[in-house]
Amino acid sequence: MDGNRRYPRFKVCRKHCRCSLRRTGAILMISKVGVIGAGSMGTAVAQSISRRAGEVFIFGRKKEIVDSINTDNRNANYFPGLRLNPNIRARLMGDRLDVAGCAAVVIAVPSSEVRSVVKAAGDDLSDQILVTVSKGLEYPSLKTMSEIIRDETGNPDMACFSGPTFADEIAYGHIAGATIGAGDDPSLRATMSDLFGEFILDFSDDLRAVELCGVLKNVYAIGTGMWDSVYSNHNEHYTFLNMCYKEMCTFLKAISHDKDIFTKFCCFGDFNLTANVDKSRNRTLGLMVGKKIVKTPYLESGVTFEGSRSVKGIIELADTHDIDLPIARFVYDVLSGNNNVRASVDTLVRKAP
Ligand SMILES: NC(=O)C1=CN([C@@H]2O[C@H](COP(=O)(O)OP(=O)(O)OC[C@H]3O[C@@H](n4cnc5c(N)ncnc54)[C@H](O)[C@@H]3O)[C@@H](O)[C@H]2O)C=CC1
Ligand SMILES: O=C(CO)COP(=O)(O)O
C-alpha cells in the first residue's frame, strides 16, 4: 500500500468498486467490506454498511453466531429480533482472514483483543483501509487501537470511528453522529464518508485524540455512575457531569492539536451519551459498583467494560503530561476495591477545582 493510493471515489473507481447512479445522485457502492468482530458493534456496523456496500463479510470466532447469520440472517446472541441484510455473510475466524478485495476492514473487537486479532491477521490486513471502532488503551504500552494496528500490520491507511453510537440504535438505523479520525487525505475522508454515509460525520486529523476521547468518556461514565449511586438530585448530577467534562477537556487541551475536538461527536456527544444513559455498560458498572451490587472480579463477567480496563492507563498517560485527573483517580480507586464510595465522592467535592 503506498501512501499516495487513490481511494475509490465517485469518478475514480478501482476494480473492486462499483458505481451506480441513483435518483439521489451518484452513490459509490463499495463492493466489499470486512468487519472483524461479530458482537454488538461489529454486527451493527455491518448492518449499517451493508445498506451502502455490495457485500459485507463479518468475521466471528463463535460458530453458532456465524451459522445464525448465514442461515437465518440473524445474530441470535446480540440482536435476535433484527433481520440482517442478505448481503452480510459471516465467516469463522481462522488462521487467515479472507479479506481479499475488501476496500476497507473495520476492527470491532474489545480493545483487549485488538493486538492478538490483528497480529494473527498480519499480512491479510496490509492492503485495505483499516478502521477501528474499539475504544480502549493498551496497558502498559499506552497505545491506542490504531497505533496497535499499525504496529502489527504496517498499514499506514488507518482511520477511527467514534461518537455517540450505541450499537443497537445503529443496527436499527437510527440517526447518529460520529467523528472520523483520519489523516487529512481528502480521498481517505471521502471513502470514510461513503462507508459511514448513514451517519452525521465530523472529522479530525488528530486520530490519537479522537481515540482518546473514546477512552476518557468511558472512564467518566463509570465515575458518573458511581456519583449517581450516592447523589440523586439533578443539580448534583449535572454539577458532576461538568466536573468530568472539565477534567476531560484539560487532558485533551494538553494532548490534542485539534482545537475543535471539544465540540466533536467523539467528545461532547459520546461523553454525554455514555455518562447519562443507563444503556451504557460503563455507566451501569459505575452504578453497580457504587451501590455495591458487584465487586471485582466483574471483569470476568464477559461483558465488555472498556473503561475499567483503560482507567489506569489514562491516569499514567496524564501523568506523562503532568496532568492530574482526580476523577479518573477516584474511579480507579473505587474499582480497585476502596468501596467507601460516599467518602471518596465527598473527598472529590471538597477538592473540586
Ligand atoms: N456496543 C456499543 O454500543 C459500542 C461499542 N463500541 C466499541 O466496540 C468494541 C467492541 O465492543 P462490543 O461490540 O460492544 O462488545 P461485545 O461484547 O458486544 O462483542 C465483542 C465481540 O468480540 C468477540 N471477540 C472477543 N475476542 C475476540 C477475538 N480474540 N477474536 C474474534 N472475536 C473476538 C466476542 O466474541 C464478541 O462477539 C469496544 O471497544 C466498544 O467500546 C463502540 C461504540 C458503541
Ligand atoms: O461507546 C459506546 C457508545 O458510544 C458504548 O458505551 P458502553 O461501552 O458504555 O456501553
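In listed order, ligands and their atoms are each counted from 1. Note: hydrogens, waters and symmetry copies are ignored here, and every other heavy atom, side chains too, is used.
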For atom 4 (O) of ligand 2, the protein heavy atom that lies nearest, with its residue and separation: D270 OD1, 2.7 Å

Which of the ligand 2 atoms, numbered from 1, are nearer than 4.0 Å to a heavy atom of L273: 3 (C), 4 (O)

Ligand 1 N/O within reach of S116 N/O, cut-off under 3.5 Å: no

Shortest protein heavy-atom distance from atom 41 (O) of ligand 1, along with the residue and atom involved: E306 CG, 3.4 Å

Ligand-side contact atoms (ligand 2) for residue partner G163, heavy atom cut-off under 4.0 Å: 4 (O)

W227 and F240 aromatic ring geometry - parallel, tilted or perpendicular at 30°/60° bounds: parallel

Ligand-side contact atoms (ligand 2) for residue partner T274, heavy atom cut-off under 4.0 Å: 6 (O), 9 (O)

SB check K119 D151 (cutoff 4.0 Å): no

Heavy atom of the protein closest to atom 17 (O) of ligand 1 (residue, atom name, distance): T304 OG1, 2.7 Å

D319 vs R329, salt bridge (charged side-chain N to carboxylate O under 4.0 Å, His left out): CA-CA, chis, key distance, verdict: CA-CA 11 Å; D319 283 346; R329 288 186 187 282; 2.9 Å; yes

Atom 2 (C) of ligand 2: the protein heavy-atom neighbour that sits closest, reported with distance to 0.1 Å: K217 NZ, 3.2 Å

Option whose closest heavy atom lies nearest to atom 9 (C) of ligand 1, chosen from V109, L92, I58: V109

Stepwise salt bridge (charged side-chain N to carboxylate O under 4.0 Å, His left out) check, K217 with D270: CA-CA 7 Å; K217 67 90 183 174; D270 206 7; 3.8 Å; yes

Identity and separation of the nearest protein heavy atom to atom 6 (N) of ligand 1: M41 CG, 3.8 Å

Region of A44 that comes within reach of ligand 1 [heavy atoms, distance under 4.0 Å]: neither

Heavy atom of the protein closest to atom 8 (O) of ligand 2 (residue, atom name, distance): R281 NH2, 3.0 Å

E306 heavy atom under 4.0 Å from ligand 2: no

Side-chain H-bond candidate by donor/acceptor type, S111 with E138, under 3.5 Å: no

Pi-cation contact, F57 with R91 (under 6.0 Å, within 45°): yes

Atoms of ligand 1 close to A38 [distance to a heavy atom under 4.0 angstrom, numbered from 1]: 37 (O)

R342 charged N/C atom sitting above Y231 aromatic ring, 6.0 Å / 45°: yes

Any T179 side-chain heavy atom under 4.5 Å of L201 side chain: no

Enumerated ligand 1 atoms positioned under 4.0 Å from heavy atoms of T165: 3 (O), 43 (C), 44 (C)

Atom indices of ligand 1, in the order listed, that fall short of 4.0 Å to a heavy atom of A167: 1 (N), 2 (C), 3 (O)

Side-chain (E247) to main-chain (C244) donor-acceptor, under 3.5 angstrom: no

Side chain D206, main chain H257, donor-acceptor under 3.5 Å: yes

Nearest non-hydrogen protein atom, atom 42 (C) of ligand 1: V133 O, 3.5 Å

Those atoms of ligand 2 less than 4.0 Å from some heavy atom in N282: 7 (P), 8 (O), 9 (O)

Heavy-atom nearest neighbour in the protein, as seen from atom 5 (C) of ligand 1, with distance rounded to 0.1 Å: R281 NH2, 3.6 Å

Within-4.5 Å side-chain heavy-atom neighbours: L216 and I314: yes

Protein contact of atom 10 (C) of ligand 1 - nearest heavy atom, named by residue and atom, plus distance: A108 O, 3.6 Å

Heteroatom distance test (I65, ligand 1): nitrogen or oxygen, under 3.5 angstrom: no

Option set T43, I36, T274, V117, criterion heavy-atom distance to atom 30 (N) of ligand 1, minimum: V117

N or O contact, E113 vs ligand 1, cut-off under 3.5 Å: yes

Nearest-neighbour protein heavy atom for atom 12 (P) of ligand 1, which is reported as residue plus atom name and distance: S40 OG, 3.5 Å

Y78 touching ligand 1 at heavy-atom level, < 4.0 angstrom: yes

D168/K279 salt bridge by N-O under 4.0 Å criterion: yes

For atom 31 (C) of ligand 1, closest protein heavy-atom neighbour: M93 SD, 3.1 Å

Pair Y245 + F262: ring centers closer than 6.0 Å: no

N or O pair under 3.5 Å between T165 and ligand 2: yes

